[in-house]
Visitor: 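Starting off with a structure, shown below.
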Amino acid sequence: MTMQNETGVRTRRRRGGAPAGDAPARPVNYHSLRNPFPPVPVFTDDRVAAIHDTALRVLEELGIKVLLPEARALYKAAGARIDEGSQMVFIGRDIFEAALTSAPRSFTLHGAVPKRDLLMELGTLSFQSGAGAPNVTDHLRGRRPGKLRDVIELTKMVQHFDAIQMLSPGVEPQDVDAAVRHYAFTRAQLTLSDKIPFIFSRGTQQVADCFEMLRIVRGLSEDEFRAAPHCYTIINTNSPRQIDVPMAQGLIDFARAGQPSIVTPFCLMGAMAPVTVAGALTLSHAEALAGITLTQLARPGAPVLYGAFASNVDMKSGAPAFGTPEQVKASLGSGQLARLLGLPWRNAAGCAANINDAQAAHETQMSTWGAVLAGATVVIHAAGWIEGGLTVSYEKFMTDMEMVQIFAELCAETPAEDAEIAFDALAEVQPGGHFFGCAHTMERYSSAFYEPVVADWSNFGTWTERGALDASERATGIWQRVVDEHLPPASVQPDRVAALDEFIARRSAEGGAPPDS
């Protein structure tokens, strides 16, 4: 098993769990990743330009329905044509182009400590765990509606692995009333982790509450908070061509506070989007452009990420499908559109399997490869997501972390100096010999290779003696250890937590903040 110590150096353990003696630690950096793969195109440049031009035409001629009057007013002030009766907004390309000019191409998201800061720009790479699920499952307690206990446990699991750099809206704690749910969810993130927190956009008052909670825990003044990004939200448009009240309000609230929104249409080909990859991307791109424009109308220069999440449905049942060739192609095309804009962007893995099985692993890995080869800045749903987002699986979280950490390893430099080219080792080992005991191997064996999280490389006899556990069964014991051994980050100060709890108690007594709809 691989563990991270406080300095970010990975210590290695033998398969039996005992420390590997006095073996040297293997330095790794799973936090600040740069994607080593050249972005892969799926369309020619002229077709990318055609998709972009058609998306602008959609906004100009067909328009987008915006349910929030304040948002319509911002578009109107910028010169957009508004039909108040139908709530349709017609956005001229000149309005979008002016907005794009002010959107930053690069910005830093600040964690609780500097080592958790993340640079958001084309070429960097971050992962998030599975998000937005109403249910959770594990081998011990079965499938169930999400509760606050699950939020707490999943936050501990995310905190444990440096290769998951940002917290996500993992699971909905349905045992907490909706008017005070944001307090419990945000408290868990801020006190159990020092990574970039996620904040729901479910109304101005909820957002303001969460911003205040973050300021309390981080010790930030109002001006310090607004001067730099410290959190983020995800804005999902209602495809096709609609932005609802809480999402439009979230775009405005986060922009005015200087915090980034990830504007992410969710377009399933053949359902809420055209059945073709190019058609789905045209719709997705148009909706993303409308959301990005609104952030810049609310506050020019506000940080924002382009988002895209497109896949297809099973045309026999209408059920979402993930890890498909169409999803991979859509991801590659989305990357081309993001690079055309020059903005950092978010893409997604995906999995429609109902349990943590071979189908689940295949779909998540294929869709993650699509996002990575597309050059995504952030990849959500990379660990734990099943049932098309209806459930987060504890065991799948752990087996997916094998994949995520291998992607992180692929981002690391591969040394090829004279010592690595290894002429001395080649000279020492004679034809027909082996390299197990040569000096070059002995100096490096304990830190030469990646050590798996869940995989078992023992032979069949040894594996059988140990109980013949499959990967999902092994993952159960691993997540239990991670949860049990979690310690609060050193940055979490007791006096600030006490102030946070006082704020939550006061706001809860005042009735909290029911979500907007």
Side-chain angles (χ1 to χ4, degrees), residues 35 37 40 42 125 127-133 135-139 143 161 163-164 168 266-271 277 280 308-335 347-376 378-411 450 452-457 463 469-476 478-479:
N35 191 331
F37 300 102
V40 175
V42 69
L125 176 62
F127 293 97
Q128 297 176 354
S129 62
N135 304 302
V136 292
T137 187
D138 64 64
H139 286 348
R143 186 180 186 273
F161 290 99
I164 300 288
S168 75
F266 179 32
C267 292
L268 288 174
M269 304 168 210
V277 171
F309 188 13
S311 191
N312 58 293
V313 297
D314 175 8
M315 296 306 291
K316 298 183 181 69
S317 66
F322 297 100
T324 64
E326 292 76 22
Q327 183 184 5
V328 172
K329 290 179 180 181
S331 295
L332 299 179
S334 297
N347 200 216
C351 169
N354 293 305
I355 61 171
N356 186 29
D357 58 6
Q359 177 187 337
H362 163 80
E363 290 177 350
T364 300
Q365 187 167 104
M366 285 303 302
S367 53
T368 303
W369 265 116
V372 170
L373 293 180
V378 178
V379 181
I380 197 171
H381 307 321
W385 214 61
I386 62 172
E387 294 183 57
L390 292 177
T391 301
V392 169
S393 161
Y394 282 47
E395 281 76 23
K396 189 169 187 294
F397 183 103
M398 288 300 161
T399 55
D400 283 342
M401 283 311 305
E402 198 82 85
M403 174 199 70
V404 173
Q405 290 200 158
I406 288 173
F407 273 114
E409 287 278 343
L410 293 175
C411 292
Y450 169 79
V453 178
V454 179
D456 185 342
W457 295 338
W463 171 75
L469 303 179
D470 64 26
S472 198
E473 291 169 328
R474 292 193 296 274
T476 300
I478 296 171
W479 72 252

Visitor: Give me the atom names and distance for the closest heavy-atom approach of Ala376 to Leu125.
Guide: O-CD1, 3.5 Å
Visitor: Looking just at side-chain N and O atoms, do Asn356 and Ser472 make a donor-acceptor pair shorter than 3.5 Å?
Guide: yes
Visitor: Quick check against the 3.5 Å criterion: does Asn135 have a side-chain atom that pairs as donor or acceptor with the backbone of Leu390?
Guide: yes
Visitor: Determine whether a donor-acceptor pair (N or O, by modelled atom type, separation under 3.5 Å) exists between the side chain of Arg143 and the backbone of Thr137.
Guide: no
Visitor: In Å and rounded to the nearest 0.5 Å, what is the CE to CZ distance from Met401 to Phe127?
Guide: 9.0 Å
Visitor: If you measure from SG on Cys351 to CD on Gln359, what distance do you get to the nearest 0.5 Å?
Guide: 6.5 Å
Visitor: State whether the side chain of Ser367 and the backbone N or O of Thr364 hold a donor-acceptor pair below 3.5 Å, judged by distance alone.
Guide: yes
Visitor: Is the backbone N or O of Leu469 less than 3.5 Å from a side-chain atom of Trp463, with the two atoms forming a donor-acceptor pair by type?
Guide: yes
Visitor: May I ask you to decide if Asp470's main-chain N or O and Glu473's side chain share a donor-acceptor pair within less than 3.5 Å?
Guide: yes
Visitor: Short question: side chain of Glu363, backbone of Ala352 - any donor-acceptor pair under 3.5 Å?
Guide: yes
Visitor: If every non-hydrogen atom of Gln128 is compared with every non-hydrogen atom of Val378, which pair is closest and at what distance?
Guide: NE2-CG1, 3.5 Å
Visitor: Return yes if some donor-acceptor pair links the side-chain N/O of Asn312 with the main-chain N/O of Gly270 below 3.5 Å, else return no.
Guide: no
Visitor: Given His381 and Phe322, is the ring pair (Phe, Tyr, Trp, His ring centres under 6.0 Å) satisfied, shown in steps?
Guide: CA-CA 11 Å; His381 307 321; Phe322 297 100; 8.3 Å; no
Visitor: Just by distance, do the side chain of Thr391 and the backbone of Ile386 share a donor-acceptor pair under 3.5 Å?
Guide: no
Visitor: Measure from the side-chain N and O atoms of Glu409 to the backbone N and O of Gln405, and report whether any donor-acceptor pair falls under 3.5 Å.
Guide: no
Visitor: Working to the nearest 0.5 Å, report the span between CG of Asp138 and CH2 of Trp479.
Guide: 4.5 Å
Visitor: Check the angle between the aromatic planes of Phe397 and Phe161 and answer parallel, tilted or perpendicular using the 30° and 60° thresholds.
Guide: tilted
Visitor: So does Ala308 get a backbone contact from the side chain of Asn347, meaning a donor-acceptor N/O pair under 3.5 Å?
Guide: yes
